[in-house]
Trainee: 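Below is a structure I'd like to ask you about.
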Amino acid sequence: MQESIKFFPDTASANAPEVDYLYFFLVAVSVVMTVLIFAAVTIFAIKYRRKSDHEIPKPIEGSNKLEITWSIIPFLIMLVMFGWGAKVFYDAYTPPKNAYNIYVVGKQWMWKVQYPEGQREINELHVPMGRPVRITLASEDVIHSFFIPDFRVKHDVVPGHYDEVWFTATKPGRYHIFCAEYCGTEHSGMIGWVNVMTPTAFENWLAGGGGEGTMAAQGEKLFQQLGCSTCHLLDEQGRCPILRGVYGSQVLLDDGKTVVAGDAYIRESILNPNAKIVAGFHKDVMPTFQGQVTEENLLQLIEYVKSLAVKKTNVAPSPQAGQTKAPARTMGKAPMGKTQ
Ligand code: CUA
């Protein structure tokens, strides 16, 4: 991709045309309205200007017909903007279920990227063409904004929780990533590149790196190191809930509410264990890990918990699944969270 000053960003994601059509529509409506208003101002100023000092204008009673017309037409045009905009927005923020997950952590002043397979990189993102990619965004420090203009993707990256964007890249090439939220001295240098590769090239690239094992394996290591495994036993009830199969499930809490065990819940439970207590368990049993784990570590731990869920559903007859780990471990005992 040659670096020239472009009037308009490239159109390199499946969502981009949809965003552009809406944008062009908004621009067209604005241009038409601006022209109409300025033309009317000019014409009326000339036509109805005061011609002599003692000219007394004719009183005008107004016209209901005219007023209703100029209310209803803009109203309908704005309803179109609203409906269309809502659709584009909804599509832009609803990743398909089968999307490939990549994790990006913003940190003064770089983008740190992790892939489930274990690769890591900084300020570079590799994605397959033609496949939906979901990016889970986290911030290690302040508010950043993850911006890929050629994909029409932009989202604030707010410390303390996860944000999410997704796209399907449609053209191989290299595309700019920017930080679009002033985040300190080197904000303007917080830039990177997305590399869109053919699916085979991407698979090869994935296979060629990540000496530290998958994110889930890195998470498992942390799980041992931090001592999580002494209370969260895998197959029998320890002092804390069994985590196998938890990811994505409904968890009953001690106040009678339920919560879906997604990324946000797991993150919160690691950093602020007392915030939500599983029914049948107690407060102050688990210490907080705030300050002991980075955002990247948290994502690895989440991938690990997620992998515990995958094994459970995959075990039985599927020949490819769980090549190494003994399937016997998941055979049914250890019911989820004893309740009282
Ligand atoms: Cu990060 Cu601006």
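Position 1 is the first residue of the sequence; numbering continues from there. The structure presented is a predicted model; accordingly, all values stated were derived computationally and were not measured. Counting convention: from 1, in listed order, for ligands and their atoms alike.
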Trainee: Among the N, O or S atoms of His187, which one sits nearest to atom 2 (Cu) of ligand 1?
Mentor: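 For His187, the N, O or S atom at the smallest distance from atom 2 (Cu) of ligand 1 is ND1.
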
Trainee: Please say which of Asp20, Asp10, Asp91 ends up in a salt bridge (Lys or Arg N to Asp or Glu O under 4.0 Å) with Arg152.
Mentor: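 One option only clears the test, and that one is Asp20.
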
Trainee: Students often mix this up, so state it plainly: with edges at 30° and 60°, are the rings of Phe202 and Tyr100 parallel, tilted or perpendicular?
Mentor: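 Taking Tyr100 first and then Phe202, their aromatic rings stand perpendicular (interplane angle over 60°).
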
Trainee: Is atom 1 (Cu) of ligand 1 under 2.8 Å from any N, O or S atom of Ser145?
Mentor: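 Looking at Ser145, which is the residue asked about, there is no N, O or S atom under 2.8 Å from atom 1 (Cu) of ligand 1.
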
Trainee: Quick check: does Cys179 put an N/O/S atom under 2.8 Å from atom 2 (Cu) of ligand 1?
Mentor: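 So Cys179 does bind atom 2 (Cu) of ligand 1 by this criterion.
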
Trainee: Donor-acceptor pair, Ser13 side chain versus Ala169 backbone, under 3.5 Å?
Mentor: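 No, the answer is negative, given that no donor and acceptor are paired below the 3.5 Å cut-off.
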
Trainee: Return the name of the atom in His144, of element N, O or S, nearest to atom 1 (Cu) of ligand 1.
Mentor: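 Atom name returned: ND1.
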
Trainee: Side chains of His126 and Glu121: do they bring a donor and an acceptor to under 3.5 Å?
Mentor: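 Per modelled atom types, His126 and Glu121 side chains form a pair under 3.5 Å.
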
Trainee: For the pair Phe167 and Phe151, name the ring-plane relationship: parallel under 30°, tilted 30 to 60°, perpendicular over 60°.
Mentor: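 Because their plane-to-plane angle lies in the 30° to 60° range, the rings of Phe167 and Phe151 count as tilted.
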
Trainee: For N/O/S atoms only: which one belongs to Glu181 and is nearest atom 2 (Cu) of ligand 1?
Mentor: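 Of all N, O or S atoms belonging to Glu181, O is the one nearest atom 2 (Cu) of ligand 1.
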
